[in-house]
J.: 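Sharing a structure with you now.
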2 protein chains.
Amino acid sequence: MARGMRAELLAVGSELLGPLRAETNTLWLTDRLLEAGVEVAARVTVADDAALLESAFRSALGRADLVIATGGLGPTEDDLTREAAAAALGRGIHRDPAILEALRTRFARYLRQMAAVNEKQADVIEGAVVLPNARGTAPGQRLEQGGRLLFLLPGPPGEMMPMFTEQVLPVVRERAGGAVIRTRVLRIAAMAESDVEQAVAPIYKTFTNPRTTILGAAGQVELHLVAEGRSEAEAEERIEALAAGIRGALPDRIFSEDGRELPDVVAGLLRERKLTLALAESCTGGLLSARLTEVPGASNFLERSFVTYSNRSKIEEVGVDAALIERVGAVSEEVAAAMAAGVRRVAGTDVGVGITGIAGPDGGTPEKPVGLVFVSLDGAAGTRVRRAVFPGARDRVRYQAAQVALEMLRRGLLGLAAL
Amino acid sequence: MARGMRAELLAVGSELLGPLRAETNTLWLTDRLLEAGVEVAARVTVADDAALLESAFRSALGRADLVIATGGLGPTEDDLTREAAAAALGRGIHRDPAILEALRTRFARYLRQMAAVNEKQADVIEGAVVLPNARGTAPGQRLEQGGRLLFLLPGPPGEMMPMFTEQVLPVVRERAGGAVIRTRVLRIAAMAESDVEQAVAPIYKTFTNPRTTILGAAGQVELHLVAEGRSEAEAEERIEALAAGIRGALPDRIFSEDGRELPDVVAGLLRERKLTLALAESCTGGLLSARLTEVPGASNFLERSFVTYSNRSKIEEVGVDAALIERVGAVSEEVAAAMAAGVRRVAGTDVGVGITGIAGPDGGTPEKPVGLVFVSLDGAAGTRVRRAVFPGARDRVRYQAAQVALEMLRRGLLGLAAL
């Protein structure tokens, strides 16, 4: 892709460098800028230290076309963004009477006396365009030097985000010259990252625009497509050209291209088809139920679930035969199938799911190792069971088992072949 | 606190600046350095661009005592960390025959031919101490210039973390001169952040060492205490002095000071007391079961759970009286209590929990708004019910409801007064 406008983001505040990990402004800004065709070349989080901050501004202004700083505009002595930016630009600062007046009015509205320390928030760098802040006390500032744009924005996301959207983005868009970036995420469940890579690499490698990144997570692989165009239509067209090729290489395996996660997709299919569901979970311990009921309106399809953690509860609640457990063990294809059929019968639903396995870290044997899971789907079309051995720790085994159950549900509901 | 050694962290890689948000190395390093008495003054994430990287190294070396870069040491043409660091230091690079040999041996072990591109990973900056990498191909490098330390580490956490612990931390500790930082996190559940703040502010404000930060999350408040001392004992003593005061201000409300989350604490209490538990969840949809069974060995105490999402399942599975639901509604104190008592009876456990509520976004009425939840605990000592109205979206309401249930369990098991 052509070298477009390049941005650098500064997040200001010592609290962002502690163990609390609260810095999210730059991530949000990265996404918004990408949509406007601007790539972020560096993100810097910097402590409330005058010399350090000035140096960070100087570095950023030396290498980026657009610099956006968030935070450090408040009234305390730790708030040094204005002073540091002014020093880096080699400009002075003056106290603006109109802002001062607005600050006093704001305090009066809440029946509070304005402490003198707040006056600092009326300080404006020479040549700056002031960006009013409807949601807080500190206004933002827009500056320009040598063709480079610098924005100082408040740190609280509730103030920063609307200020960015309303007062920064239009200026940036105009400056970026109409290059448009579009992204799309293709999601695949219950398939190894290397298998996805092998299937799609021959296709995406023939494209330089869009660029493709493969991201593997537990039980899910994502293909991130990023295309650049002179218009939204062109960028979309480029994305679609590649997406169509990938679809052909992974027939019926992509469960979402619109940002939805697997539980939403399955919930949507159940609602569309007006089908009801009941679950019997053992090793996943309620995780599948919890994920499905995270979707608003889940009560329209989920009738009930059982966490049948003990053998006794498998027998009493979903009618698994005690002799069967005795003969083949609770972690077996047969018991998974009996759980799915049993919960469907007990709850009187259209579909039943049963999951049994060994999440670890203990309980594994050479024949039935930690990670072994059986998932069964029972419905009008019959019973399906899938056996899998998942790598990783307890939480990963559980999550992957839930993903397989969801993908089996999706495929069953769509009438696709078994996994 | 005194100005100690100051670090700057560089995370190298364009993929870290996309919408994927995968950068976690600098967060991990921040924690480890803090424990060693080194404050991180800036964190920089920078794209794979030679000029940009060199500038980032130059800036970092100009202002920090310790610079640690992660990533960009691989074999591809995007891997530019070695070249950029060398340029910023004004030093040359040579190809090290011993590393080259080790690379070839490593490839041979996996029966693979080493592609020529890999030779680049044997490039060493003039004057560098090579840091062997037992877990990957790219070795790290340690450099020193003008009293400042620079480390180049590989990007994959599985390689970076052991290399840091074994080969970086000892050097940093020696250089940091014995200042020791200790942290402790005090956790409180089911209490508003402002109430915690009001109770503890008069205490922690009298301390400058430790420093205290309050962090509010859904259903939980954390007090982060950070103390500095000349020895571990001194730092620990300082932490304990403040923690004792906070304990006094929040009697029996702190559920953990050792890093454990609430499900672990409750699981520990159940195991110690050899008590069994069964759950009947409605609005939380299995979330409480899922969180409790995330703890290894949960099968020792959790007998079974029901997600009684429909009224029919509340009646059929845990014996709630249909006439009661008709009279007072499924979301009521009475039904929560009947669910807790019913599930305890059905499962034959020592303790039963019932949760019913309106998670939203739909289903609220003026009398029973979205966020209204009743949680009941039933055991040998009788029945407790708590009514709460939680703010926020569906996921937050559900999470807070689970937190209240866990805190009620904790208090019940410890024989503490009801919430």
J.: Just give me the residue among A:S299, A:S305, A:A51 that pairs up with chain B most often, heavy atom to heavy atom, under 4.5 Å.
T.: A:S305
J.: Return the set of residues passing side-chain hydrogen bond (donor to acceptor under 3.5 Å, both in side chains) with A:T349 (not counting sequence neighbours), or none when no residue passes.
T.: none
J.: Select one option (side chain, backbone, both, neither) describing which atoms of A:V12 are under 4.5 Å from chain B's heavy atoms.
T.: neither
J.: Can you name the nearest heavy-atom pair linking A:A47 to A:L17, along with the distance?
T.: N-CD1, 3.4 Å
J.: If you apply the rule salt bridge (charged side-chain N to carboxylate O under 4.0 Å, His left out), what do you find for B:E228 with B:R182, and how did you get there?
T.: CA-CA 6 Å; B:E228 190 177 313; B:R182 278 290 168 275; over 6 Å; no
J.: So if I take each residue of residues 353-361 of chain A and look for any heavy atom under 4.5 Å from a heavy atom in chain B, which residues do I end up with?
T.: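 When heavy atoms of chain B are the reference, residues 353-361 of chain A contributes A:P361 within the under-4.5 Å range.
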J.: Determine, stepwise, if the pair A:Q220 / A:Q400 fulfils side chain to side chain donor-acceptor pair (under 3.5 Å).
T.: CA-CA 8 Å; A:Q220 188 157 313; A:Q400 291 175 92; over 6 Å; no
J.: A:D65 side chain to A:M5 main-chain N or O, any donor-acceptor pair under 3.5 Å?
T.: no
J.: Below 4.5 Å from any heavy atom of chain B, which atoms of A:R398 appear? Answer side chain, backbone, both or neither.
T.: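 Looking at A:R398, just its side chain touches chain B.
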J.: Given the options A:A298, A:G348, A:G363, A:S14, which has more heavy-atom pairs under 4.5 Å with chain B than any of the others?
T.: A:A298
J.: Taking it one step at a time, do B:E303 and B:T276 satisfy side chain to side chain donor-acceptor pair (under 3.5 Å)?
T.: CA-CA 6 Å; B:E303 212 282 328; B:T276 55; over 6 Å; no
J.: Is it the side chain or the backbone of A:D362 that comes within 4.5 Å of chain B heavy atoms, both, or neither?
T.: neither
J.: Quick check on the interface: out of A:S289, A:G62, A:G297, who has the most heavy-atom pairs with chain B under 4.5 Å?
T.: A:S289
J.: So which residue, B:L52, B:L288, B:L302, ends up with the most heavy-atom pairs under 4.5 Å with chain A?
T.: B:L52
J.: Which region of A:A347, side chain (C-beta onward) or backbone (N, CA, C, O), has a non-hydrogen atom less than 4.5 Å from a non-hydrogen atom of chain B, or is it both or neither?
T.: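 Answer is backbone: N, CA, C or O of A:A347 sit under 4.5 Å from chain B.
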J.: Tell me, side chain or backbone of A:T284 under 4.5 Å from chain B's heavy atoms, or both, or neither?
T.: backbone
J.: Between A:T308 and A:S313, is a side chain to side chain donor-acceptor pair (under 3.5 Å) present by the stated rule, with each step listed?
T.: CA-CA 5 Å; A:T308 51; A:S313 66; 4.8 Å; no
J.: Answer with side chain, backbone, both or neither: which region of A:R58 has an atom nearer than 4.5 Å to a non-hydrogen atom of chain B?
T.: neither
J.: Under the criterion side chain to side chain contact (heavy atoms under 4.5 Å, CB included), which of B:R344, B:K314, B:E281 is the partner of B:M339?
T.: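 Of B:R344, B:K314, B:E281, side chain to side chain contact (heavy atoms under 4.5 Å, CB included) with B:M339 is met by B:K314 alone.
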J.: For B:T183, which of B:D31, B:V226, B:L225 qualifies under side chain to side chain contact (heavy atoms under 4.5 Å, CB included)?
T.: B:V226
J.: Does any heavy atom of chain B fall under 4.5 Å from the side chain of A:V185, the backbone, both, or neither of them?
T.: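 Neither; nothing under 4.5 Å.
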J.: Does any backbone or side-chain atom of A:A278 lie under 4.5 Å from a heavy atom of chain B? Answer side chain, backbone, both or neither.
T.: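 For A:A278, neither part sits under 4.5 Å from chain B.
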J.: Mind ranking A:G285, A:G286, A:A11, A:S55 by heavy-atom pairs under 4.5 Å with chain B and telling me who comes out on top?
T.: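 Of A:G285, A:G286, A:A11, A:S55, A:G285 has the most heavy-atom pairs under 4.5 Å with chain B.
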J.: Under 4.0 Å between a side-chain nitrogen and a carboxylate oxygen: does that hold for A:R304 and B:E316?
T.: yes
J.: Ion pair present between A:R394 and B:E294, side-chain N to carboxylate O less than 4.0 angstrom?
T.: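 No.
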J.: Would B:E222 and B:R187 pass as an ion pair if we require N to O under 4.0 Å?
T.: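 Yes.
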